[in-house]
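Structure first, commentary second.
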There are 2 protein chains.
Amino acid sequence: MIKRYAQADHLLVAVDCIIFGFDKNQLKLLLTKRALEPEKGNWSLIGGFVGKQESLDDATTRILHKLTGLKNIYMEEVKAFSEVKRDPVERTLSVAYYALIKMKPNMKLSAEYGAQWVPIDKIPPLIFDHQQMVEAAKKKLKTMAKHQPIGFELLPKKFTIPQLRSLYEAIYEEELDKRNFSRKILAMNLLEKLDEKDKKSSKKGAFLYQFDKKRYIDLVRNGLSFVI
Amino acid sequence: MIKRYAQADHLLVAVDCIIFGFDKNQLKLLLTKRALEPEKGNWSLIGGFVGKQESLDDATTRILHKLTGLKNIYMEEVKAFSEVKRDPVERTLSVAYYALIKMKPNMKLSAEYGAQWVPIDKIPPLIFDHQQMVEAAKKKLKTMAKHQPIGFELLPKKFTIPQLRSLYEAIYEEELDKRNFSRKILAMNLLEKLDEKDKKSSKKGAFLYQFDKKRYIDLVRNGLSFVI
DNA sequence: TCAAAAGTGTTGACCCTACACCCATGG
DNA sequence: CCATGGGTGTAGGGTCAACACTTTTGA
């Protein structure tokens, strides 16, 4: 049995993270300023190299944890970016991952990266092919959000229907009729209505709900297809 | 400006191709028998390593061309497979690509690979994680076929509606009502009806059609959303 | 009392599904 | 002349989009 594949090239492999958050009815991305030349000081996605003993998921989990201190962040591969000259320093293949974060006001980000949340409609020019990565991630987020209940990953555990609708409006970049939206989402029977109200955004207050993951898994087993 | 990223690991990177064909109303995959230990002689996808001066698309194109002699094969990334121990010989990251081929009776495959077409419902056990790759590719093919006019990549230029329907039945693994199917596909105005009939599969003969790509691009511009 | 957001129903249009019979022709 | 696959229309149900007014309450 052979011990190695002879004469094949070895490449640097990286992951770059498109980290979405939702705050003040806005979708945001977590960006950083590049620490080294070339393009030092320019805006960049947060990423890192994949080690010999890590899978891509491992590497992404490590990077996200180091940055945010959080575990169990929802994340998924977007696609690989492999143009030979995409990184001028050295030939690097990078796999883009998107991640969804429940933003909290008291959230502390590792100072090391100097990361900042930037509204999605105000993304500055980014280094290398990171713009394309963001575009691909936005597209993927749209289709995923439509067919899988991932929106909840961007909201606190307890949220209101208007909050959820506003999130979907931000993701889809279009307005949604509030009556149709709440009818549709409630008809799926995935939300548990709580007795509390959230009065932060109106005087009347809006009822809080919780996503019921168990019920979701059950319903999928019985052939529910989530579409919103 | 730095010239290299120091101290980061370099990995072997490969692509593996899930090559779909359609023949005799069956979806098929092009498989090969592995030429080296371990798992020598076992069924495998066709793949190869990515060179320092190639993108993933380049490498896939090269491999597909070497195997089939064809250019402009429709192909698309499925996802990356990166488990550390997925290849027992050496740590290798592999990106799965699916490809769609218009099978022709006189088609000559490079002898080097000893490749064979295998009906999709009779896929033998495959090496490494190639089974997972096939599953992922089948899933991707289903969603792509539903939303993009890629079915035509598996048929000859001229085809009949019953052929097309049978292809979609194979992809979806379910039967489709022939009246509803032809109404739906014809209503999209993407097919050009020819004056010829194909009499291979019936005495009456079925009219041949051609996919009109220009019209498709036009209609998409005007907001058509292909769904079948 | 007013401003601001939450909540709630109905209707018409369209789309999708289900379903059965005749046609053309090679053998 | 008959067996085989090709081709075609309709009706009913369900789903989706459009639409406006009332409620609550903090300021």
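Residue numbering restarts at 1 for every chain, and letters A, B, ... go by the order of the sequence lines.
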Between [X] and [Y], what is the ring plane arrangement, given parallel below 30°, perpendicular above 60°, and tilted in between?
| X | Y | value |
| --- | --- | --- |
| B:Tyr98 | B:Phe20 | perpendicular |
| A:Phe152 | A:Phe211 | parallel |
| A:Phe226 | A:Tyr216 | perpendicular |

Would you say the side chain of A:Val13 lies within less than 4.5 Å of the side chain of A:Leu56, judging by non-hydrogen atoms?
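When only atoms from C-beta onward are counted, A:Val13 and A:Leu56 do touch, with a gap below 4.5 Å.
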On DNA chain C, does the nearest nucleotide to B:Lys197 precede the nearest nucleotide to A:Leu186 from the 5' side, or the other way round? Give the residue.
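This one resolves to A:Leu186.
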Could you pick out which residue, A:Ser202 or A:Ser182, lies toward the 5' side of DNA chain C when each is mapped onto its nearest nucleotide?
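Nearest nucleotide further toward 5': that of A:Ser202.
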Nucleotide-resolved protein contact map, nucleotides 10-20 of chain C, B/S/- at heavy-atom distance under 4.0 Å
B------BBBB
Atom CG of A:Asn25 and atom C1' of C:dA4: how far apart are they, to the nearest Å?
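The answer, rounded to whole Å, is 14 Å.
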So, A:Asp16 and A:Ser94: side-chain donor and acceptor under 3.5 Å apart, yes or no?
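A:Asp16 vs A:Ser94: donor-acceptor pair found between side chains.
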Is it the case that B:Ser55 and B:Asp58 place a side-chain donor and acceptor less than 3.5 Å from each other?
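Yes, because at least one side-chain N or O of B:Ser55 sits under 3.5 Å from a partner of the opposite role on B:Asp58.
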Taking B:Glu169 first and then B:Arg165, would you say they form a salt bridge - that is, a charged N and a carboxylate O separated by under 4.0 Å?
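Result for this pair is yes, salt bridge flagged.
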Looking at A:Arg221 and A:Asp218, is any side-chain nitrogen of the basic one under 4.0 Å from a carboxylate oxygen of the acidic one?
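Answer for the salt bridge query: yes.
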Please list, in 5' to 3' order, the outermost nucleotides of DNA chain D lying under 4.0 Å from any heavy atom of chain B.
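So the contact region on DNA chain D extends D:dG5 to D:dT10.
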Can you check whether B:Lys204 has a side-chain N or O nearer than 4.0 Å to OP1 or OP2 of C:dG26?
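No, because none of the side-chain N or O atoms of B:Lys204 sits under 4.0 Å from OP1 or OP2 of C:dG26.
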